[in-house]
**Q** 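Sending over a structure as structure tokens; questions will come in a sec.
First listed ligand is number 1; within each ligand, the first listed atom is number 1.
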Amino acid sequence: MGDTIFGKIIRREIPADIVYENDEILAFRDVNPQAPVHVLFIPKRPLATLNEAGPDDAGLLGRLLLACADYAKQEGFAEQGYRTVINCNEHGGQTVFHLHVHLLAGRPLHWPPG
Ligand code: 5GP
């Protein structure tokens with residue numbers, strides 16, 4: 001896959017409000033938040049979309065979700081609730097082609113989405 005803005009954030013070439021990091025995952029606040037809490041959890045290893053993930057990525061995908069839940073617990077909004085979203089390609093509304101999980105919280109979230 002080609003480089004994206006998220007690759008630049010991983011390499012610290014552009015700034016981001018980073019809230020969590022380990023050897024394979026980075027999480028930072030979305031620049032255009034859709035809720036009081038809007039954090040993006042990304043693998044450092046670039047995968048363009050969920051379609052590119054294979055069996056070898058199952059653990060990584062699970063750990064991305066667990067990182068979201070851990071963050072929600074740590075920040076104290078896990079019990080009140082939150083939403084995780086992965087947008088894929090055009091109909092999913094994906095605009096940055098480096099796989100990411102949106103973590104949204106801090107207000108009631110509408111369902112179904114528009
Ligand atoms: P997508 O539409 O691909 O699911 O989500 C991409 C998200 O990345 C959007 O919510 C957008 O606001 C966010 N975003 C795009 N560029 C930047 C950036 O340079 N920094 C940060 N922190 N978020 C970004």
Side-chain angles (χ1 to χ4, degrees):
M1 65 174 277
D3 194 22
T4 69
I5 196 93
F6 291 175
K8 294 183 182 4
I9 289 173
I10 292 167
R11 296 192 301 274
R12 286 2 188 225
E13 292 170 8
I14 62 168
D17 187 357
I18 292 170
V19 300
Y20 175 78
E21 180 170 24
N22 68 20
D23 58 345
E24 66 175 355
I25 292 170
L26 186 69
F28 51 89
R29 293 188 198 283
D30 197 294
V31 77
N32 183 25
Q34 302 302 309
V37 177
H38 188 170
V39 176
L40 303 173
F41 287 75
I42 71 172
K44 290 183 178 176
R45 189 168 72 75
L47 281 167
T49 81
L50 189 56
N51 289 337
E52 276 68 51
D56 288 350
D57 300 306
L60 172 63
L61 292 171
R63 288 188 291 278
L64 279 167
L65 290 176
L66 291 173
C68 292
D70 285 346
Y71 182 76
K73 292 171 193 167
Q74 173 197 308
E75 294 299 308
F77 59 82
E79 288 305 316
Q80 195 156 38
Y82 56 90
R83 181 172 295 162
T84 56
V85 175
I86 298 175
N87 295 324
C88 184
N89 280 340
E90 184 184 352
H91 281 193
Q94 185 174 6
T95 59
V96 178
F97 288 85
H98 181 129
L99 178 74
H100 49 283
V101 182
H102 295 257
L103 173 63
L104 297 147
R107 67 168 173 81
L109 298 160
H110 304 296
W111 192 264

**Q** Does a salt bridge link Glu21 with Arg12, judged by any charged N lying under 4.0 Å from a carboxylate O?
**A** yes

**Q** With hydrogens left out, which residues have an atom under 4.0 Å from ligand 1, given that only heavy atoms count?
**A** Ile5, Phe6, Ile9, Phe28, Arg29, Asp30, Val31, Asn32, Leu40, Asn87, Gly93, Gln94, Thr95, Val96, His100, His102

**Q** Clusters formed by hydrophobic residues whose side-chain heavy atoms approach within less than 4.5 Å: which one holds Leu109, and what are its other members?
**A** Val85, Leu104

**Q** Is a donor on one side and an acceptor on the other found under 3.5 Å between the side chain of Glu13 and the backbone of Lys8?
**A** no

**Q** Can you list everything that forms a side-chain contact (heavy atoms from CB on, under 4.5 Å) with Ile10? Sequence neighbours excluded, please.
**A** Leu26, Ile42, Lys44, His98

**Q** List in chain and number order the residues that pass side-chain contact (heavy atoms from CB on, under 4.5 Å) with Ala105, two or more places apart in sequence or in another chain; answer none if no residue qualifies.
**A** Val37, Phe77, Tyr82

**Q** Got more than 12 heavy atoms from elsewhere within 6.0 Å of CD, Gln80?
**A** no

